[in-house]
Amino acid sequence: MLWETFLLAQREIRRNVLRSSLTILGIVIGVAAVITMVTLGSGATAKVTADISNLGSNMLMLRPGQGFHGPGGARSSAPMFKTDDAEAIARDISGLAAVAPLSSKMTQTIYGSRNWSTSVIGTTDDFVKVRNWPLESGRLFTEGEMRAGKTVCVLGATVKKELFGGQDPLGISIRLRKLSCQVIGVLQPKGQTSFGTDQDDLVLIPMRAFQRRIAGNTDVKTIYVSAEDGISTEKVKKAIETLMRERRHIPIGDESNFHVRDMKEIMDTLTNSTRVLTALLAAIAAVSLLVGGIGIMNIMLVSVTERTREIGIRLAIGAREREVLMQFLVEAVVLSSFGGLAGIALGLAAAAAGAQALNVPFIFNIKIVLIAFLFSAAVGVIFGYFPARKAARLDPIEALRHE
Amino acid sequence: MKTTGMDPNQNQTIIRLRGVTKVYGRGSAAMHALKGIDMDIRQGEFVAVMGPSGSGKSTVMNILGCLDTPTRGQYFFYGMDVGKLTRDQRALLRRHYLGFVFQGFNLLNRTSALENVELPLIYRGTPVAKRRKLAVEALAAVGLSAWESHTPGELSGGQQQRVAIARAIVAHPRVLLADEPTGNLDSSRSREIMELISAFNRELGLTIIMVTHETSMAAYAGRRIHFMDGLIDNGGEQKGAL
């Protein structure tokens with residue numbers, strides 16, 4: 001009997017193509033919108049998290065000034081670090097894997113007839129350790145090169161591509177503005193951050209060479225520190241703060257004129273904001289689900305007149321109330337599930353395409369899929385079933401006369 | 001009154017109305033559609049229920065068809081007190097004993113003639129193959145063999161009413177109830193339909209109750225019952241053809 005009812009229902013659905021497809025459309029749109037938005041949102045969150053742990057989740061950054069919270073003026077008036085600050089940190093604090101001083105400047109790089117403006121970074125070979133960034137070819141700076149401040153450089157993948165194309169740059173000299181500099185290595189490409197900046201657009205040269213030949217001072221803008229695995233970054237942060245306050249002779253109780261930022265903090269902040277974004281997307285998706293639901297409801301209610309007459313005919317020729325209701329229920333369930341499944345397929349396809357386009361990972365969230373499906377299906381079933389129930393309870397003659 | 005004398009049940013009274021009233025609305029707005037009707041129908045009769053519009057003839061028809069319930073009074077169908085039946089039992093009574101033909105045809109839209117005719121058999125639980133066979137036979141009986149796959153929208157009014165008749169007789173009901181079956185048809189279509197219906201009465205002994213306001217249609221019936229203002233107009237009851 002149930003199978004018979006099912007056949008009857010699906011025949012009925014095919015007979016009323018327009019009504020059925022409009023109902024399905026409402027469900028498809030609702031389900032697909034929710035799935036797409038939430039999937040992309042959680043993909044973006046995952047991407048941000050991955051980017052930051054890619055930077056090194058056990059990494060700390062020292063900068064002069066008071067960081068994000070202080071106004072810009074405070075930072076500019078704060079004294080810069082010097083190379084011996086980095087050396088002191090490396091020497092006096094235990095549990096560190098690498099300490100890399102860092103200064104940078106936008107500089108024109110020239111090779112042959114090509115030129116490319118990029119960020120030239122003076123640092124040590126610890127930089128690649130802190131950033132967890134392997135070489136693609138060549139080598140890093142030697143101890144001697146760093147001490148002597150030799151003009152050798154390691155290229156980021158973008159710079160290599162812009163200046164050399166497919167050519168092997170190792171051993172060739174390029175110019176950083178007026179400074180001639182021999183290429184000794186190329187970094188592996190890292191791609192874009194989730195904020196769209198190209199991480200590979202850089203040239204590394206030894207810190208001493210940078211200070212003498214490019215910056216013309218002995219400042220260090222930033223110090224990257226990475227703790228050894230298993231060492232609490234909290235503790236390291238405290239130790240560095242104490243050491244630097246001592247070295248800078250800051251009286252107890254005064255605010256530091258530098259700050260140490262833990263990547264974990266940054267990660268938390270960013271993850272939080274992407275989570276807010278995801279929630280926002282989910283809210284928009286919920287609205288489209290609601291709109292889809294109202295669409296379903298409208299179609300179902302509009303077709304009630306026609307369906308009431310149909311119910312009248314069925315009752316007149318001897319259908320019992322529960323038989324009519326079973327038919328309508330099965331019909332609503334079949335329609336809604338079909339629409340729901342189509343919506344899931346469409347939503348996942350759109351989310352996969354969107355994830356590819358936005359360069360975020362595709363994260364399948366079964367919970368959202370289920371919620372969207374159940375909501376739409378419930379709307380379809382409720383608005384397919386209850387008007388039918390009302391009609392089936394009429395006297396057959398009332399239902400037949402329904403205009 | 002026509003008798004064959006062969007069937008021992010021929011004279012059995014199968015439908016008996018006693019003091020049936022029907023009131024629509026309440027209080028001062030109440031409309032008394034039927035004011036106390038007694039009526040007997042015998043097996044194999046072809047009865048025409050006549051009267052002007054508003055006389056109560058359609059109301060009595062709906063009550064006879066268990067589509068509507070009387071406000072007061074009793075309705076016995078094969079001795080069964082219909083007033084004591086539940087909604088579902090009345091549905092089962094319609095399913096197994098009654099066939100309907102309406103003025104407005106009342107076929108399912110976008111549904112082929114064959115599927116429309118199969119509908120009563122579906123609710124009877126007839127197996128698919130037998131259902132198909134009976135429906136094909138019923139459509140052949142009304143002369144629509146070539147139109148099985150056509151939907152009501154593709155059929156003329158006369159053809160739609162033939163489909164409706166096929167649907168009414170496919171399950172071999174005891175009584176065929178026809179409410180103005182020719183009301184929407186022109187006169188030659190009407191005659192064809194009436195020939196068809198009276199043939200079922202003549203050849204199969206099917207009991208038929210038909211509502212009409214046209215004397216020419218009522219002429220096909222063996223007996224005429226006239227309604228006037230919710231009552232049977234006794235002076236108007238006549239036997240035999242005009």
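Chain identifiers are assigned alphabetically (A, B, ...) following the order of the sequence lines, protein sequences preceding nucleic acid strands; residue numbering begins at 1 within each chain.
Expressed to the nearest 0.5 Å, how far CG of B/Leu121 lies from CD1 of A/Ile317 amounts to 9.0 Å. Remark: B/Thr69 OG1 to A/Ile397 CD1 distance equals 11.5 Å, nearest 0.5 Å. Considering CD1 of A/Ile313 and CZ of B/Arg167, their distance stands at 6.0 Å, rounded to 0.5 Å.
Taking all atoms of both residues into account, the shortest heavy-atom contact from B/Ala91 to A/Ala319 is CB-O, 3.7 Å. Of all heavy-atom pairs between B/Leu67 and A/Asp395, the closest is O-CB, 3.9 Å. Pairing each heavy atom of A/Gly318 with each of B/Tyr123, the nearest pair is O-CB, 4.5 Å. The two atoms that bring B/Phe100 and A/Ala316 nearest to each other are CE1-O, 3.2 Å, heavy atoms only.
Contact count versus chain A (heavy atoms, under 4.5 Å) is highest, among B/Arg124, B/Arg131, B/Arg90, for B/Arg131.
Around CG of B/Asp229, the count of heavy atoms belonging to other residues, nucleotides or ligands within 6.0 Å does not exceed 12. Enclosure of atom CE in A/Met326 is not indicated, since only 12 or fewer non-hydrogen atoms of other residues, nucleotides or ligands lie within 6.0 angstrom. Enclosure of atom CZ in B/Arg110 by more than 12 non-hydrogen atoms of other residues, nucleotides or ligands within 6.0 angstrom is indicated. The number of heavy atoms from other shown groups lying within 6.0 Å of CZ (B/Phe200) is above 12. Residue B/Phe105 places its CZ atom among more than 12 non-hydrogen atoms of other residues, nucleotides or ligands, all under 6.0 Å distant.
Contact annotation for B/Leu107: only backbone heavy atoms (N, CA, C, O) come within less than 4.5 Å of a heavy atom of chain A. Only the side chain of B/Asn62 comes within less than 4.5 Å of a heavy atom in chain A; its backbone stays farther off. The part of B/Glu115 that comes within reach of chain A is its side chain, from C-beta onward, which places non-hydrogen atoms under 4.5 angstrom from that chain. The contact between B/Arg87 and chain A is made entirely by side chain atoms (from C-beta outward), counting heavy-atom distances below 4.5 Å.
At a threshold of 4.5 Å between non-hydrogen side-chain atoms, the residues B/Ile122 and A/Gln327 do not count as touching. Proximity of A/Arg309 to B/Leu108: side-chain heavy atoms (C-beta onward) are nowhere separated by under 4.5 Å. Using a 4.5 Å heavy-atom threshold, the side chains of A/Glu310 and B/Thr111 count as separate. By the 4.5 Å heavy-atom criterion applied to side chains, B/Arg94 and A/Pro396 are counted as neighbours.
Under a 3.5 Å cut-off, the side chain of A/Arg320 and the backbone N or O of B/Asp88 do not form any donor-acceptor pair.
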